[in-house]
Amino acid sequence: MSDKIKFLMEGKECTGKPGQSILQAADDNGVYIPRLCYHPDLKPGGSCRVCTVNVNGRNMAACTTPVADGMVILNETEELRDLRRALVEMLFIEGNHYCPFCEKSGNCELQALAYRLKIMAPRFPYMFPERKLDATHPAIFIDGNRCIQCGRCVRAAEEVDHKPILGFIGRGVAMRIKAGSSKGLAGVEIGPEDACVKVCPVGSIIVRETAYRTPIGKRTYDHQPIGSDIEARAPES
Amino acid sequence: MQEINLKALQGEIKAIAATEGNQRTRLINVVRKVQAAYGQVSDPMIDLISEALSMPRIEVEGVVSFYHFLSKRKLGRMPVFLNSSAVAEMMGLKEVAAAFEKAAGIKFGEVTPDELLSLSWTSCIGMSDQEPAALIGGLPFVRLTPEKVFSIIEGLRSGKSPQELVEKLGVGDGNNAHPLVRSMVNNHLQLSGQVLFSSFTNGAALRKAVSLTPEQVIEEVKRSRLRGRGGAGFPTGMKWDFCRKAQGGEHYVFCNADEGEPGTFTDRVLLTEKPELVFEGMTVAGYAIDAEHGILYLRQEYQYLLAYLEDVLEKRRTAGLLGKNCAGKAGFNFDIRIQMGAGAYICGEESALINSTEGRRGDPRDRPPFPVQSGYLGNPTLVNNVETLAAAARVVENGAEWYIVFGSGQSTGTKLLSVSGDCRRPGVYELPMGLPVRMILAVVGAENPQAVQVGGPSGTFIAEKDFDRKICYDDLSTGGALIVFGADRDIMSIVYNFACFFESESCGWCVPCRVGTRLLKAKLEKINQGNGTLRDLAEMEQWGKIMKSTSRCGLGQTAANPELTTLANFRSIYQHRIKEDEYLTGFDLKTAVAEACEATGRYLQDE
């Protein structure tokens, strides 16, 4: 088996390594595929579907599809852009996302992606769900309103922190993240340094008393759109 | 007092966990036993289970909250689960539901003060030819009428067991009257074909198989061009071949008996009348892929068949058709166990079924790896549908040439159809593949139907203009369901029923399915309330396509089919319900602010 995989991305010849997903290979080639539930330190979740790309004519999630020799991949078609907008809009209307006064604003991947995808207003009606706040812990809280069910925290707790203290309960539109104790977060061992806290892409898992340490205007996505770091990896042509 | 109870409970739950070897992979069995014993799996019970099985509490709670028949809140000692399928609605569900509420004196979602009864809704329980139907104390009660409901509730109140009530109402035909079944369910086996419901000698297929090499068995199945009977139609021989060749670990054969597609009940009748053939198919598959373990995943709705099926397995062990050196073949050891489900349509998806069998939430898995490469506990796993395995046994017994005579083209053999709705002879039919819908409608006694749903909600809603289309993989594929809708039926309310079904059965893992099913349901509500516009129809089509092209598994990819196929084939029905405007507010302003007007004493001015 060759140790190099050749594929076409947007008509451009790219190379990947065996075992890589399309998303990882694209990253290495400086091509940013929008994503939300994916995190480089974790196994892919395949849940947000934002990384959907067209592979040899079929739509597939880039994070869970292994890259293979001869693949012809499209990333920036109008169809895909619209599908991604729709998925991100679904996440906005499904929860209660109050960007103007959210402490994660500027560091939030959902918000940043909406800007990058040029979403003005969601096409779907808001659901205004009743979501719970778990504020039982002195240092950390989980706000269900802003949760997008991406499961990064669940995977990080298991794979990185090696303590499966978070998980999903319920199913369908009622599915929620929950701490593994009848006492809520207060009943589990969790701290601000845990990966499961740090990987939250939105303002759902928040470390108390840190909200405004970085002033607005100096936050991750205040000057550069999300994905710029990946695009900077593109080899000089 | 509380503490003493907790101590006692701890001992009892430890004992329950011990019956499952304290294995976390048997979590579904443990929680099912706890649910049966206490009518609930409460927070303290979740704590104790997690302790007994040494597993994270959140995983236990995740499982308890995933499956329909498990409940944190206490249900009655005789829980009633009335199924809300579209066919049940057509056959008088509303009156039956009202009778339950009146007789029990509670609403759905409640428990009687004496904790005897609870009323809950559930999805299709596989009795579409004998609706309305409910599970009461775990047993199916079919052809319900308000009168029957009153007498059942009265009987339960006077201390009679559900089984005693079934005996009083009368047991069904065929093996439904078997001493280990004694169910009021009827087979309604209207037509037996020559493959599945013809006479079969126990062991005939297996003895033939072991006289060949495993490769020859697979070759025979390949040549028969048998394809998966669940509806997806993957070539069976190829799947066996992939699994046989997969490296690493022990190989497993799964039989998927989680038929949850509303309107599908073919597996139920096969398992009632031909369980030997199904188990024989599993054993033949085991020989072909070099497996020692077979697992039949049986949906909880069919628990009433469990004792009977266990008995069939025991008899096969005694006859040397299971166990060590099966059918006299030295070195071929194979046995089968039955894994019960706990109520989830999604578990009919093969990787969700595997997760469930491992004691997890029934979320589907990402592919690759495919189950044939890495399935149950990471081992190469073959998952076939009940009917597929039964057909495979006959293929191996009689040869591919014999089999391909039935059927046509790429769709060989016979197919079981479960017919329900507006026809004179609902029930199960074994027919050659490739027959036109119109011919089948004549056979089942459907006069002048307005529409036929082929393949259940995830399938295709067709109108008269398509009745010459054929039931086969190249045209209209179905896992078995064929629901007939007469001229007077309101298609919109049927579509709405299906939309509710998908919303409640979505696992929630991926965004387009989780959110999209709710959005489509809301759209239909808007239209049914008279607030729909042209734009709503266009949006339903666009949103349905988004779900189709981005969802993670087959459920989400097909969940918009009721809307998409009716918009394509019954557009005029929608057009009658909507206003011919491009845009209209989605609500009625007066109704929306009525409460506020009342409170403030200020009222809207009429324009």
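Quick caveat: nothing in here was measured; it's all calculated off a predicted structure. Below, chains carry the letters A, B, ... as their sequence lines are ordered, and counting in each starts from 1.
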K.L.:
Between R49(A) and T550(B), which heavy-atom pair has the shortest distance, and what is it?
P.N.:
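Reported closest heavy-atom pair: NE-O, 2.8 Å.
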K.L.:
Got a donor-acceptor contact below 3.5 angstrom from the R57(B) side chain to the G180(A) backbone?
P.N.:
no
K.L.:
Where does T517(B) contact chain A at under 4.5 Å (heavy atoms): side chain, backbone, both or neither?
P.N.:
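Looking at T517(B), nothing touches chain A.
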K.L.:
Where on A344(B) is there a heavy atom nearer than 4.5 Å to chain A: the side chain, the backbone, both, or neither?
P.N.:
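When you check distances to chain A, atoms from both the backbone and side chain of A344(B) fall under 4.5 Å.
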K.L.:
Does any part of the side chain of D366(B), heavy atoms only, come nearer than 4.5 Å to the side chain of P44(A), both counted from C-beta?
P.N.:
no
K.L.:
Does a side-chain heavy-atom distance below 4.5 Å link R514(B) with E94(A)?
P.N.:
yes
K.L.:
For R123(A), which atoms come within 4.5 Å of any heavy atom of chain B: side chain, backbone, both, or neither?
P.N.:
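When you check distances to chain B, atoms from both the backbone and side chain of R123(A) fall under 4.5 Å.
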K.L.:
Using modelled atom types and a 3.5 Å cut-off, is there a donor and acceptor pairing between side-chain atoms of W543(B) and backbone atoms of F124(A)?
P.N.:
no
K.L.:
Most heavy-atom pairs under 4.5 angstrom with chain B, which of Q149(A), K163(A), E79(A)?
P.N.:
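Top count of heavy-atom pairs under 4.5 Å with chain B: Q149(A).
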K.L.:
Heavy-atom distance under 4.5 Å to chain B: side chain of A179(A), backbone, both or neither?
P.N.:
backbone
K.L.:
Any idea which of N59(A), L91(A), T64(A) has the most non-hydrogen atom pairs under 4.5 angstrom with chain B?
P.N.:
T64(A)
K.L.:
Considering only heavy atoms from C-beta outward, does the side chain of L519(B) approach that of M127(A) to under 4.5 Å?
P.N.:
yes
K.L.:
Considering only heavy atoms and a distance below 4.5 Å, find which of G151(A), P66(A), G45(A) pairs most often with chain B.
P.N.:
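Looking at each of G151(A), P66(A), G45(A) in turn, G45(A) comes out on top.
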K.L.:
What is the distance from atom CG of D43(B) to atom NZ of K183(A), rounded to the nearest 0.5 Å?
P.N.:
10.5 Å
K.L.:
Check whether R361(B) gets within reach of chain A through its side chain, its backbone, both or neither, counting any heavy atom under 4.5 Å.
P.N.:
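Looking at R361(B), just its side chain touches chain A.
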K.L.:
Checking L166(A) against chain B: side chain, backbone, both or neither under 4.5 Å from a heavy atom?
P.N.:
backbone
